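All remarks here apply to the structure that follows.
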2 protein chains.
Amino acid sequence: MATGRTHRPATRSRGIPEATVARLPLYLRALTALSERSVPTVSSEELAAAAGVNSAKLRKDFSYLGSYGTRGVGYDVEYLVYQISRELGLTQDWPVVIVGIGNLGAALANYGGFASRGFRVAALIDADPAMAGKPVAGIPVQHTDDLEKIIKDNGVSIGVIATPAGAAQQVCDRLVAAGVTSILNFAPTVLSVPDGVDVRKVDLSIELQILAFHEQRKAGEETAAGDAALPAATRDDSADQGPDGDVPAVMPA
Amino acid sequence: MATGRTHRPATRSRGIPEATVARLPLYLRALTALSERSVPTVSSEELAAAAGVNSAKLRKDFSYLGSYGTRGVGYDVEYLVYQISRELGLTQDWPVVIVGIGNLGAALANYGGFASRGFRVAALIDADPAMAGKPVAGIPVQHTDDLEKIIKDNGVSIGVIATPAGAAQQVCDRLVAAGVTSILNFAPTVLSVPDGVDVRKVDLSIELQILAFHEQRKAGEETAAGDAALPAATRDDSADQGPDGDVPAVMPA
DNA sequence: GAATGTGAAGTATTTCACAGCT
DNA sequence: AGCTGTGAAATACTTCACATTC
């Protein structure tokens with residue numbers, strides 16, 4: 001099929017594994033906490049514990065960035081904070097827009113974790129004309145009509161979609177057309193985007209479903225130890241079941 | 001010495017890879033949409049496109065569940081919906097509590113995606129006495145003092161933490177002590193939990209940081225061929241959509 | 001003919017274990 | 001002595017490609 005696309009955004013120069021990139025923010029958070037407590041140095045063992053990973057993994061991760069530690073001593077906290085911040089691109093200011101100011105969008109607008117990491121909420125956008133002008137988290141909501149202008153005026157390259165699923169693709173298309181190249185999608189839908197645009201999604205109900213899977217497994221394997229009243233009779237036919245037979249259409253709307 | 005039982009009885013029987021489990025909700029969502037449009041069958045190719053993965057992966061994933069398709073034909077949509085729901089444990093009712101009813105907690109309480117997948121918000125809990133009794137999403141907020149009783153009375157095994165970071169570990173400890181064995185954590189902190197308790201985390205600012213990393217890289221590599229960046233609709237499913245490579249936040253070692 | 005299901009091959013990630021520096 | 005940095009081994013995941021089944 002001749003590889004019509006590059007799977008990863010041009011991973012040639014400095015190939016930091018995706019799995020490592022995904023953990024850098026974790027390390028950064030732990031380091032920031034240490035920095036606030038004025039801890040000067042930290043060992044891979046300590047930092048790993050604070051970040052919730054094991055130390056071999058952490059050292060391997062850091063080895064992709066360079067040799068920033070001192071053997072026999074550990075890592076200089078401030079130096080490492082800077083190096084990771086730089087690697088993640090957090091030493092610059094990232095204006096973001098949030099589209100869809102419902103409950104979730106408002107929560108995101110109020111979320112302190114953005115500002116403290118170099119992300120600045122440049123604008124809030126909603127399709128409801130009644131919202132226009134209303135301030136949320138101190139920022140006046142603007143109407144979708146002006147989306148393109150807002151993106152361009154603010155030089156926004158990162159967009160957050162918190163609209164209902166039905167509107168997400170359309171919003172996405174407009175964001176991309178206006179110049180946005182990274183999208184964080186909270187709508188429970190798969191977005192299709194042109195090459196070169198990154199999408200990450202957060203689906204709250206997916207996380208719960210994964211938990212339910214493991215929870216079910218626990219209940220099935222260990223004989224209920226300690227729990228007094230188990231609710232809900234489990235329809236357990238975990239062994240192989242017949243080819244067909246009756247197929248209960250179990251799906252709440 | 002500690003438990004060495006990290007690997008189970010090494011069977012191939014019920015060992016569904018984590019990566020596969022994490023995609024089942026995705027398939028389920030796509031299948032539900034097909035079901036609503038009364039589509040009777042679907043091929044791996046079509047379903048994969050709808051879910052945003054490639055078809056080989058999807059077939060491999062399904063092969064861990066069993067042989068639910070028909071060669072030459074495809075998959076029966078209703079049947080597959082049922083099988084995946086059952087595998088995920090969604091054929092039973094999961095009462096959940098949400099602790100921390102700030103902006104985010106309220107958004108979660110209002111989020112429709114929970115109820116539609118077998119999750120029932122059994123209670124909302126907050127530490128602020130002024131919130132007590134106030135209804136959010138139609139459910140009266142209860143005070144933290146009653147946490148243990150609420151958990152037990154409702155047979156809750158899944159808890160959602162949406163408190164500030166500072167309160168999260170304490171809330172977590174109480175949830176676990178009261179019998180909760182799965183936790184979805186929105187607070188930007190690493191929770192430590194005893195063996196047997198699952199934690200999944202969602203950190204909004206981490207997702208943005210990962211995007212920033214790639215965004216920075218794009219800007220740095222900007223080649224002269226940059227004008228192809230218009231949405232010429234490269235209809236691929238390539239996009240690295242999704243925070244799959246997640247850290248299964250388990251703790252002590 | 002069409003499309004699943006799956007060994008085998010190919011990648012990616014994690015873990016081990018220890019050489020090498022301070 | 002203590003701790004990093006890293007090849008090598010182990011494990012996990014993805015993709016290929018095709019025999020098999022309808």
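In what follows, chains are A, B, ... by sequence order, proteins preceding strands, each numbered from 1. These numbers come from a predicted model, not from an experiment.
Rounded to an integer number of Å, the gap from CG of L58(B) to C1' of dG5(C) is 12 Å. A straight line from CD of E45(B) to C1' of dC16(D) spans 14 Å, rounded to a whole angstrom. Per the geometry, CG belonging to L65(A) stands 14 Å off C1' belonging to dT4(D), to the nearest Å. If you measure from atom OH of Y64(B) to atom P of dT15(D), you get 12 Å, rounded to the nearest angstrom. Remark: P of dA3(C) and CD of E46(B) are 8 Å apart, rounded to the nearest angstrom. Counting to the nearest Å, the P atom of dG5(C) and the CD atom of Q83(B) are 12 Å from each other. Atom P of nucleotide dT4(D) and atom CG of L47(A) are separated by 10 Å, given to the nearest angstrom. If you measure from atom CD of E18(A) to atom C1' of dA12(D), you get 17 Å, rounded to the nearest angstrom.
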Pairs under 3.5 angstrom, nitrogen or oxygen only, protein versus nucleotides 15-17 of chain C, please.
unit_1  : atom_1 : unit_2 : atom_2 : d
dT15(C) : OP2    : N54(A) : ND2    : 2.6

N/O to N/O distances under 3.5 Å, protein versus nucleotides 19-22 of chain D:
unit_1  : atom_1 : unit_2 : atom_2 : d
dT20(D) : O2     : R71(B) : NH1    : 2.7

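Atom-to-atom distance recorded for L65(B):CG and L24(B):CG is 5.5 Å, nearest 0.5 angstrom. The distance from the CG atom of N54(B) to the CD atom of E45(B) is 8.5 Å, given to the nearest 0.5 Å.
For E78(A), the side chain to side chain donor-acceptor pair (under 3.5 Å) partners two or more places apart in sequence, or in a different chain, are S35(A).
Taking 4.0 Å as the cut-off between side-chain N and carboxylate O, R23(A) and E18(A) do not count as a salt-bridged pair.
Here the closest non-hydrogen pair linking F213(B) and E87(A) is CD1-O, 3.2 Å. Residue V81(A) comes nearest to L31(A) through the heavy atom pair CG2-CB, 3.6 Å, listed as atom of the first residue, atom of the second, then distance.
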Practice prompt. Step by step, work out the side-chain contact (heavy atoms from CB on, under 4.5 Å) result for V197(B) and D195(B).
Written response: CA-CA 6 Å; V197(B) 175; D195(B) 238 24; over 6 Å; no
Worksheet entry | Check against ring-ring contact (aromatic ring centres under 6.0 Å, His included), F114(A) and Y111(A) | CA-CA 6 Å; F114(A) 290 174; Y111(A) 182 54; 5.1 Å; yes
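Contact between the side-chain N/O atoms of S44(A) and the OP1/OP2 oxygens of dT4(D) is found at a separation under 4.0 Å.
Counting non-hydrogen atoms of other residues, nucleotides and ligands closer than 6.0 Å to CD of Q92(A) gives a total above 12.
Using a 4.0 Å heavy-atom distance criterion, Y75(A) is classed as a sugar-phosphate-only contact.
Of all nucleotides listed (dT14(D), dG5(D), dT4(C)), dT14(D) comes nearest to the side chain of A19(B).
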